[in-house]
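Written out below as structure tokens is the structure these notes cover.
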Protein chains: 2
Amino acid sequence: MYQRKIPEMLDCGLAVAVKVIGGKWKAWILDCIRRGVSRPSAIHREMQAVNARIINLHLKELEEAGIIYKEIFAEVPARVEYRLTPVGESLLPVIDVLEQWGNTHKDYINRNHADYASGNCQFLQQSN
Amino acid sequence: MYQRKIPEMLDCGLAVAVKVIGGKWKAWILDCIRRGVSRPSAIHREMQAVNARIINLHLKELEEAGIIYKEIFAEVPARVEYRLTPVGESLLPVIDVLEQWGNTHKDYINRNHADYASGNCQFLQQSN
DNA sequence: CAGGGCAGGGATAATTTTTTCCCTGTCCCG
DNA sequence: CGGGACAGGGAAAAAATTATCCCTGCCCTG
């Protein structure tokens, strides 16, 4: 693990939530697990675009946070499945809220971004 | 502005939402503005811990996304106030949900993190 | 035995974000 | 005029995150 040089402020609820869900692929991973795509190799297949190494790192972070946990079957060969902890379950509706807000406003935001770049933003005050 | 080398995937609502709210200090800034701390210098005072330069960068990003806009009063000396756009307003309940989830679970998460580090995590399977 | 799926991680690089430092102006007050 | 509040940004660094490459083992199948 990487040793932080600047301490985090995890006393604020928002900071904690963003920390947990804010990783680049965390939400996607959680969505996989929620849908039952729970084995590492399955998740890797599902997320072709993302390097397996990184998915593992994110999985570990989610595990450290207590959002998911690992079930290791004493089979041969050993099988691993990730599952949501209760707190992980409680995160799902939050993700849904984010997802829904994003879907509702993503066009606006992307358009605004483009307009801002070209100076056409509706909120840009004219300098007269 | 920094020129991205890897394109973003902003078709997913969740990615957009995280992008908007995920910056290190964005939510804090939005909270300031929501509470009426709307002038740059006032925000800087409120967020002593954070360098003014960064706050400005975040403000610009929020502005580009169309979450806030700048009102420049033609006074002398020029006065600036940031305000939430309608879409920015619509983000507030989302932030509240995040904040509330975080506050409810931050102790668990911090504890779990510590336990995980010391091998005491309730979800850690024992290797027998 | 050769090859492949599976779980996992070290070392290192690339990219992105955050931070620091310091500069430009304008204005007001004393 | 000197000092300070105000709005803003360039340049470069440090820090953090994400990405790439390649390795270890175990097992199974052919």
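Just so it is clear: chains get the letters A, B, ... in the order the sequence lines come, proteins before strands, and each one is counted from 1.
- Of the residues in residues 21-32 of chain B, B:Gly23, B:Lys24, B:Trp25 come within less than 4.0 Å of DNA chain C through at least one heavy atom, sorted by number.
- What separates CE of A:Met9 from P of C:dT19 is a distance of 9 Å, to the nearest Å.
- Atom CG of B:Asn56 and atom P of C:dT19 are 13 Å apart (whole Å).
- Annotation: cation-pi geometry satisfied between B:Arg79 and B:Phe73 (NZ/CZ under 6.0 angstrom from ring centroid, within 45° of ring axis).
- Between the P atom of D:dA16 and the NE2 atom of A:His58 lies a distance of 15 Å, rounded to the nearest Å.
- Rounding to whole angstrom units, CD of residue A:Glu71 and C1' of C:dA7 are separated by 16 Å.
- Ion pair B:Arg4/B:Glu8 flagged as a salt bridge, since at least one NZ, NE, NH1 or NH2 atom sits closer than 4.0 Å to an Asp/Glu carboxylate oxygen.
- Side-chain N/O atoms of A:Lys70 include none lying less than 4.0 angstrom from OP1 or OP2 on C:dA7.
- B:Arg53 pairs by the side-chain contact (heavy atoms from CB on, under 4.5 Å) definition with B:Asn51, B:Leu57, not counting sequence neighbours.
- A donor atom on one side chain and an acceptor atom on the other are found under 3.5 Å apart for B:Asn103 and B:Glu99.
- Without hydrogens or angle criteria, A:Thr85 side chain to A:Ile67 main chain gives a donor-acceptor distance under 3.5 Å.
- Proximity of residues 41-55 of chain B to DNA chain C (heavy atom under 4.0 angstrom from any strand atom) is restricted to B:Asn51, B:Arg53, B:Ile54.
- Between the side chain of B:Tyr108 and the backbone N or O of A:Gly66 there is at least one donor-acceptor pair closer than 3.5 Å.
- Here the side chain of A:Arg39 is nearest to one of D:dG8, D:dC27, C:dA7, namely C:dA7.
- The interatomic distance linking A:Glu8 (CD) with C:dT17 (P) rounds to 17 Å, in whole Å.
- The interatomic distance linking B:Lys5 (NZ) with C:dT16 (C1') rounds to 10 Å, in whole Å.
- To the nearest angstrom, C1' of C:dA7 lies 15 Å from CZ of A:Phe73.
- Summarising the geometry, the separation between CD on A:Glu61 and P on D:dA16 is reported as 13 Å, rounded to the nearest angstrom.
- Expressed to the nearest 0.5 Å, how far SG of A:Cys32 lies from NE2 of A:His44 amounts to 10.0 Å.
- Residue whose closest nucleotide on DNA chain D sits further toward the 5' end, between A:Lys19 and B:Tyr82: B:Tyr82.
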For this session: Go through A:Asp31 and A:Lys26 one step at a time and tell me if the salt bridge (charged side-chain N to carboxylate O under 4.0 Å, His left out) criterion holds.
Result: CA-CA 9 Å; A:Asp31 191 57; A:Lys26 294 240 177 70; over 6 Å; no
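- Residue A:Arg79 places none of its side-chain N or O atoms closer than 4.0 Å to OP1 or OP2 of C:dA7.
- B:Lys106 places a side-chain N or O within 3.5 Å of a backbone atom of A:Asp11 that can act as its donor or acceptor partner.
- For A:Arg4 and D:dT17, the shortest distance from a side-chain N or O to OP1 or OP2 is below 4.0 Å.
- Comparing B:Ile6 and B:Ala78, the nucleotide of DNA chain C nearest to each residue sits closer to the 5' end for B:Ile6.
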